[in-house]
Amino acid sequence: MRIMIIHGPNLNLLGEREPDVYGNLSLNQINEHLETLADSLNVQLLFFQSNHEGAIIDFMHQHRKDCHGIVINPGALTHYSYALRDAIKAVNLSCVEVHLSNVHSREPFRRISVIRDHCIKQISGLGLQSYLQGLETLVVHLRA
Ligand code: DQA
């Protein structure tokens with residue numbers, strides 16, 4: 001089983017970006033933790049980060065036939081990208097939406113997710129654990 005792990009805009013700066021909100025782990029460290037979990041679940045991961053909406057959509061299109069699902073932290077695209085919403089529907093893969101911070105306890109605009117109803121679950125506010133639970137949830141769903 002192969003899973004895309006997609007990180008959206010500004011997540012390349014994790015570790016230095018607002019650590020009080022997003023924690024101290026770098027994106028590489030998060031990916032390493034995901035890789036360790038993936039090994040124990042016996043699944044393969046394909047990692048991607050971009051600050052560009054179109055590049056994320058291109059990546060999803062490119063790998064739609066060789067992956068079984070998607071864990072995505074779309075960053076701010078979550079809140080307004082209908083193109084990303086359409087892409088999740090278009091590739092027809094199970095998707096879990098994850099956020100490091102609690103998007104429900106911050107500015108009101110962050111409570112809106114335009115992709116949520118195309119995802120099997122939204123996990124938010126647990127830092128690294130949001131990603132790990134996201135991967136586990138997706139794998140359990142795909143194996144069911
Ligand atoms: C985020 C929350 C978003 O509102 C924000 O724009 C991000 C990161 C999170 O992981 O908490 O870039 O998705």
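Computed from a predicted structure; not experimentally measured. These values consider heavy atoms only, across backbone and side chains, with no hydrogens, waters or symmetry-generated copies.
Few gaps surround NE2 on His104; more than 12 heavy atoms of other groups in view lie less than 6.0 Å from it. Within a 6.0 Å radius of CG in Asp117, more than 12 heavy atoms belonging to other residues, nucleotides or ligands are found.
Applying the salt bridge (charged side-chain N to carboxylate O under 4.0 Å, His left out) rule to Arg64 yields no partners; only residues at least two apart in sequence or on another chain are considered.
Among the candidates Thr78, Val98, Asn73, Asn102, the single residue satisfying the side-chain contact (heavy atoms from CB on, under 4.5 Å) test with Ser124 is Asn102. None of Val91, Ile3, Leu46 except one satisfies the side-chain contact (heavy atoms from CB on, under 4.5 Å) rule with Cys67; the exception is Leu46.
Here the straight-line distance linking atom CG of Asn10 with atom CG of Leu27 works out to 11.5 Å at 0.5 Å rounding. Note: Leu138 CG to Cys95 SG = 8.0 Å, rounded to the nearest 0.5 Å. To the nearest 0.5 angstrom, Ile30 atom CD1 is 8.0 Å from Leu11 atom CG. Residue Gln62 holds its CD atom at 13.5 Å from CD1 of Ile57, rounded to the nearest 0.5 Å. Note: Thr137 OG1 to Leu135 CG = 8.5 Å, rounded to the nearest 0.5 Å. Rounding to the nearest 0.5 angstrom, the gap separating the CG atom in Asn42 from the CZ atom in Arg143 is 6.5 Å.
Contact check for Tyr22 versus Ser101: side-chain heavy atoms found under the 4.5 Å cut-off. Considering only heavy atoms from C-beta on, Pro74 comes within 4.5 Å of His99 through its side chain. Leu126 has its side chain within reach of Gln133: a pair of non-hydrogen atoms, C-beta onward, lies under 4.5 Å apart. The closest side-chain heavy-atom distance from Ile5 to Ile72 is not below 4.5 Å.
A distance-only check finds no donor-acceptor pair linking the side chain of Glu53 to the backbone of Ala83 [under 3.5 Å]. In this structure a side-chain-to-backbone donor-acceptor pair under 3.5 Å is missing from His118 to Lys89. Between the Glu16 side chain and the Leu13 main chain, no donor and acceptor come within less than 3.5 Å of each other.
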Go through the steps for Val43 and Arg2 under the test side chain to side chain contact (heavy atoms under 4.5 Å, CB included), then give the verdict.
CA-CA 6 Å; Val43 298; Arg2 216 154 170 234; over 6 Å; no

Ile70 vs Val96, test: side chain to side chain contact (heavy atoms under 4.5 Å, CB included). Steps then yes/no.
CA-CA 6 Å; Ile70 304 169; Val96 175; over 6 Å; no

Start with the C-alpha gap between Asn24 and Leu14, add the side-chain angles, then the distance that decides, and say whether side chain to side chain contact (heavy atoms under 4.5 Å, CB included) holds.
CA-CA 7 Å; Asn24 294 306; Leu14 284 179; over 6 Å; no

Side chain to side chain contact (heavy atoms under 4.5 Å, CB included), that's the test. Do Phe48 and Met4 meet it? Break it down for me.
CA-CA 8 Å; Phe48 187 67; Met4 294 182 226; over 6 Å; no

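Ser113 and Glu97 share a side-chain donor-acceptor pair at under 3.5 Å. No side-chain donor-acceptor contact under 3.5 Å links Gln44 and His68. Using a 3.5 Å distance cut-off with no hydrogens or angles, the side chains of Asp66 and His63 do pair a donor with an acceptor. With 3.5 Å as the limit, one finds a donor-acceptor pair spanning the side chains of Asn31 and His7.
Linking Ile, Leu, Val, Met, Phe, Trp and Tyr whenever their side-chain heavy atoms come within less than 4.5 Å puts Ile88 and Tyr80 in one cluster.
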